[in-house]
Amino acid sequence: MGKRVMTVDDSATVRKVLQMTLTGAGYDVIEAENGADALEKLSTEAVDMLVTDLNMPQMNGIDLIQQIRQKPGNRFMPIIMLTTESQPDKKSAGKAAGASGWITKPFRPEQLLAVVRMVCPA
């Protein structure tokens with residue numbers, strides 16, 4: 001059994017691409033549609049890493065990261081922001097919240113896998 005990665009994105013298409021890319025590389029994937037959905041699933045599911053979008057309804061990626069980081073067991077879990085946003089102030093806010101890395105959409109699957117493998121080897 002591979003490492004478990006939660007993907008959080010309001011786009012079903014992006015979630016599908018992430019799921020295919022990560023499962024093809026040996027990771028187990030749990031999907032969430034937004035930050036609130038992710039927190040609910042994290043209350044019953046353990047994951048090794050999280051890949052989240054920034055702009056989502058109900059709860060955005062920054063708020064999600066802040067809530068995840070408040071739980072002692074999640075202080076060092078790798079969290080990658082995968083978003084269309086590339087402004088320095090957005091990246092700074094992500095880093096301040098506790099994001100481990102930032103990938104800008106559109107992305108190449110091999111680019112994502114390189115980052116994922118670096119912070120969470122399968």
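Note: hydrogens, waters and symmetry copies are ignored here, and every other heavy atom, side chains too, is used. In what follows, residues are counted from 1 in the order of the sequence shown.
Nearest heavy atom pair, residue Lys91 against residue Ser86, reads CE-O, 3.8 Å. Minimum heavy-atom separation, Gly61 to Thr52: CA-OG1, 4.0 Å. Between Ala36 and Met59 the shortest heavy-atom distance is N-CB, 3.6 Å. When all heavy atoms are compared, the tightest approach of Thr84 to Thr104 is O-CG2, 4.0 Å. Summarising the geometry of Asp48 relative to Cys120, their closest heavy-atom pair is CB-SG, 3.8 Å, with the distance given to 0.1 Å.
Partners of Glu85 according to the side chain to side chain donor-acceptor pair (under 3.5 Å) rule, which considers only residues two or more places apart in sequence or in another chain, are Asn55, Gln87. Residues satisfying the salt bridge (charged side-chain N to carboxylate O under 4.0 Å, His left out) test with Glu31, not counting sequence neighbours, are Arg15. Taking Gln58 as the reference, nothing meets the side chain to side chain donor-acceptor pair (under 3.5 Å) condition, with sequence neighbours excluded.
Within the 4.5 Å cutoff, the side chain of Leu82 has heavy atoms near those of the Ile103 side chain.
Tyr27 and Val8 fall into different hydrophobic clusters, where Ile, Leu, Val, Met, Phe, Trp and Tyr are joined by side-chain heavy atoms under 4.5 Å apart, directly or via other members. The cluster map of Ile, Leu, Val, Met, Phe, Trp and Tyr, joined by side-chain heavy atoms under 4.5 Å apart, puts Val29 and Leu42 in different clusters. Clustering ILVMFWY residues whenever any of their side-chain heavy atoms sit less than 4.5 angstrom apart, transitively, puts Met49 in a cluster other than the one holding Met81. In terms of hydrophobic clustering, with Ile, Leu, Val, Met, Phe, Trp and Tyr side chains grouped at heavy-atom distances under 4.5 Å, Leu18 and Val119 are assigned to a common cluster.
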Exercise for review: List the steps and the verdict of side-chain contact (heavy atoms from CB on, under 4.5 Å) for Trp102 and Lys95.
Suggested key: CA-CA 9 Å; Trp102 193 282; Lys95 185 174 182 178; over 6 Å; no
### Task
Apply side-chain contact (heavy atoms from CB on, under 4.5 Å) to Thr83 and Lys90, showing your working.
CA-CA 10 Å; Thr83 180; Lys90 299 277 188 186; over 6 Å; no
Assess the residue pair Leu54 and Ile62 against the criterion (side-chain contact (heavy atoms from CB on, under 4.5 Å)); give the C-alpha distance rounded to whole Å, side-chain angles, the decisive distance to 0.1 Å, and a yes or no.
CA-CA 6 Å; Leu54 175 60; Ile62 299 289; 3.2 Å; yes
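Taken from CD1 in Ile30 to CG in Leu22, the straight-line distance is 12.0 Å, to the nearest 0.5 Å.
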Exercise answer: donor-acceptor pairs, residues 68-80 side-chain atoms, under 3.5 Å, sequence neighbours excluded:
from	atom 1	to	atom 2	distance (Å)
Arg69	NE	Gly98	O	3.1
Arg69	NH1	Asn74	O	2.7
Arg69	NH1	Arg75	O	3.2
Arg69	NH1	Met77	O	2.7
Arg69	NH2	Met77	O	2.8
Arg69	NH2	Gly98	O	2.7

Report all side-chain donor-acceptor pairs from residues 105-117 shorter than 3.5 Å, counting only partners two or more places apart or in another chain.
from	atom 1	to	atom 2	distance (Å)
Lys105	NZ	Asp9	OD2	2.7
Arg108	NE	Glu110	OE2	3.2
Gln111	OE1	Arg108	N	3.3

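Within the structure, the salt bridge (Lys or Arg N to Asp or Glu O under 4.0 Å) test picks out the following pairs touching residues 35-47 (sequence neighbours left out): Arg4-Glu45, Asp37-Lys41.
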